[in-house]
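Convention: sequence-line order gives letters A, B, ...; per-chain numbering from 1.
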Amino acid sequence: MAEITLDQIIQPENLVYTKSRIMTDTVLHYCPGCGHGTAHRLLAEVIEELDLQADTIGVAPVGCSVLMYNYMDVDMQEAAHGRAPALATAIKRLMPEKFVFTYQGDGDLAAIGTAETIHACNRGENITILFINNGIYGMTGGQMAPTTLPDMKASTCPYGRDVRMMGNPLKITDIVATLPGSYYVTRQSVHTPGNVRKAKKAIRKAVEYQKRNQGTCFVEIVSNCNSGWKMTPADANQWLEENMLPFYPLGDLKVPEE
Amino acid sequence: MAKVRGAIVVDTERCKGCELCVGACPTDVIGMEEEVNSKGYHYAYMKNPEACTGCVNCAIICPDGVISVYRVKTS
Ligand SMILES: Cc1ncc(C[n+]2csc(CCOP(=O)(O)OP(=O)(O)O)c2C)c(N)n1
Ligand code: SF4
Ligand code: SF4
Ligand code: SF4
């Protein structure tokens with residue numbers, strides 16, 4: 001039989017993957033290779049698959065993903081820096097039938113927003129929190145974050161984080177898992193295709209579980225800030241695997257008792 | 001013998017040349033074009049199209065969601 005041509009393969013009926021229609025056509029402003037785009041897309045795919053577009057209200061953070069509402073075709077609110085869980089609490093309490101999520105970086109969620117994070121999760125608010133941990137303040141120029149690893153370089157610790165002077169990194173996801181109000185807590189990454197598939201499954205659970213009204217669902221996604229880390233995207237993902245993951249191991253920290 | 005053939009279509013204007021798709025492809029299909037798009041980025045293309053199996057690895061790692069994947073079974 002004659003070899004099949006590319007034109008024969010590239011036909012609508014053979015399409016197996018394309019960007020979710022929940023993602024708008026606006027070009028993402030993120031640096032090339034930044035994991036924020038991948039994380040947005042996974043959430044968009046889950047919202048599309050679960051047919052939640054009209055029932056979703058998201059809360060965008062301050063940080064590189066501040067413009068998230070331009071990229072996802074769902075209702076969104078913008079919170080002040082770190083306050084997304086407080087705003088999401090209000091939205092969900094007023095509209096309990098909606099799927100309500102926050103999307104926050106580590107500076108937003110684990111520095112200025114620590115109180116909001118801990119108390120929303122401890123109250124067991126029925127919201128879903130997506131936490132993008134790139135170990136740095138990306139938007140403002142790569143300053144040290146609470147999540148910056150020991151000895152990791154950042155613009156405000158150019159010789160590496162000295163924990164005796166600058167304190168220890170905060171594993172806020174581990175803390176959230178100990179709180180009685182959290183229902184599902186997991187740590188994932190998007191630096192390889194296999195990890196992207198696993199992260200999507202976890203996000204899907206964190207979205208579906210909200211219907212159970214049992215407490216806060218919390219998904220950490222360890223991601224790269226290749227600009228802040230001053231590496232190519234591929235090197236940044238390799239560095240993430242070798243340095244971030246030993247300190248922030250992947251997997252579920254709290255799963256519902258079935 | 002049934003064989004799976006795939007193909008990708010890259011939205012070249014939106015590709016940012018990050019090269020993550022290149023490393024994610026198990027069969028070394030993807031290369032970076034010498035030409036650049038209007039933003040100045042080298043964009044991804046199939047340098048070795050016969051080897052594509054349509055596994056979608058490249059599309060799901062692409063942060064900008066610019067890759068569409070097609071797949072057929074041939075006999
Ligand atoms: C009240 C207030 N304080 C400080 C800032 C400055 N600021 C903007 S983004 C940011 C940190 C962002 O880091 P992160 O949350 O880790 O997100 P990333 O940019 O890395 O995605 C800070 C401190 C601000 N906008 N508002
Ligand atoms: S600065 Fe870092 S977190 Fe922000 S878009 Fe660039 S790579 Fe992503
Ligand atoms: S679909 Fe799979 S085989 Fe084809 S180019 Fe993408 S990663 Fe490579
Ligand atoms: S992963 Fe996407 S943006 Fe990056 S080079 Fe490949 S097609 Fe372009």
Side-chain angles (χ1 to χ4, degrees), chain A residues 1-42 44-45 71-72 189-200 223-224 226-227 231-238, chain B residues 1-27 29-30 32 36-75:
Chain A
M1 199 191 110
E3 269 296 292
I4 188 161
T5 66
L6 283 182
D7 283 346
Q8 287 170 305
I9 302 173
I10 301 169
Q11 291 295 330
E13 64 272 22
N14 300 330
L15 183 70
V16 286
Y17 188 93
T18 195
K19 162 175 89 65
S20 165
R21 62 174 177 80
I22 305 287
M23 292 298 287
T24 64
D25 286 332
T26 309
V27 175
L28 304 174
H29 71 284
Y30 302 118
C31 306
C34 173
H36 273 306
T38 317
H40 289 6
R41 191 163 38 76
L42 294 185
E45 287 174 10
Y71 306 137
M72 283 183 66
S189 78
V190 291
H191 72 297
T192 70
N195 289 102
V196 170
R197 290 186 174 91
K198 283 187 199 156
K200 182 170 170 188
S223 183
N224 77 61
N226 60 77
S227 289
M231 297 175 198
T232 65
D235 286 350
N237 281 347
Q238 182 72 32
Chain B
M1 200 184 79
K3 198 176 161 225
V4 179
R5 280 286 310 274
I8 64 169
V9 174
V10 179
D11 185 344
T12 54
E13 259 311 299
R14 298 164 63 101
C15 171
K16 291 183 186 159
C18 74
E19 304 187 18
L20 289 181
C21 54
V22 175
C25 176
T27 52
V29 171
I30 305 175
M32 301 306 292
V36 294
N37 62 20
S38 68
K39 295 258 175 69
Y41 293 122
H42 298 281
Y43 46 89
Y45 78 109
M46 282 198 286
K47 65 167 188 206
N48 187 13
E50 293 75 35
C52 180
T53 60
C55 72
V56 312
N57 272 9
C58 55
I60 66 173
I61 203 77
C62 174
D64 289 86
V66 304
I67 302 180
S68 298
V69 184
Y70 298 81
R71 191 195 300 139
V72 287
K73 259 194 194 144
T74 61
S75 49

Is a salt bridge present between D25(A) and K19(A), judged by a nitrogen-to-oxygen distance below 4.0 Å?
yes
How many angstroms lie between CG in N226(A) and SG in C18(B), if you round to the nearest 0.5 Å?
8.5 Å
Out of D11(B), V22(B), I67(B), L20(B), which one racks up the most heavy-atom pairs below 4.5 Å with chain A?
L20(B)
State whether the side chain of N195(A) and the backbone N or O of S189(A) hold a donor-acceptor pair below 3.5 Å, judged by distance alone.
no
Can you tell me which portion of V190(A) sits under 4.5 Å from chain B's heavy atoms? Options are side chain, backbone, both or neither.
backbone
Chain A contact via K39(B) - side chain, backbone, both or neither, heavy atoms under 4.5 Å:
side chain
Taking L6(A), N14(A), T18(A), L28(A) one by one, which has the highest count of heavy-atom pairs under 4.5 Å against chain B?
N14(A)
Report the relative orientation of the aromatic rings in H40(A) and Y30(A); use parallel for angles under 30°, tilted for 30 to 60°, perpendicular for over 60°.
perpendicular
Based on non-hydrogen pairs under 4.5 Å, which of E19(B), M46(B), R14(B), E13(B) is most in contact with chain A?
R14(B)
Flag the pair N57(B) / P26(B) as yes when at least one side-chain heavy-atom distance between them is below 4.5 Å, and no otherwise.
yes
Is a donor on one side and an acceptor on the other found under 3.5 Å between the side chain of T74(B) and the backbone of K3(B)?
yes
Residue, of G194(A), C34(A), G35(A), P32(A), that accumulates the most heavy atom pairs under 4.5 Å with chain B:
P32(A)
For each of V196(A), L42(A), L15(A), tally heavy-atom pairs with chain B at distances under 4.5 Å, and name the one with the top tally.
L15(A)
Partners passing side-chain hydrogen bond (donor to acceptor under 3.5 Å, both in side chains) against T27(B) (at least two apart in sequence or in another chain):
none
Residue part contacting chain A, namely of C55(B), when any heavy atom lies under 4.5 Å
backbone
Note: vs chain B, highest number of non-hydrogen pairs under 4.5 angstrom among Q8(A), Q11(A), M23(A), H36(A) is Q11(A)
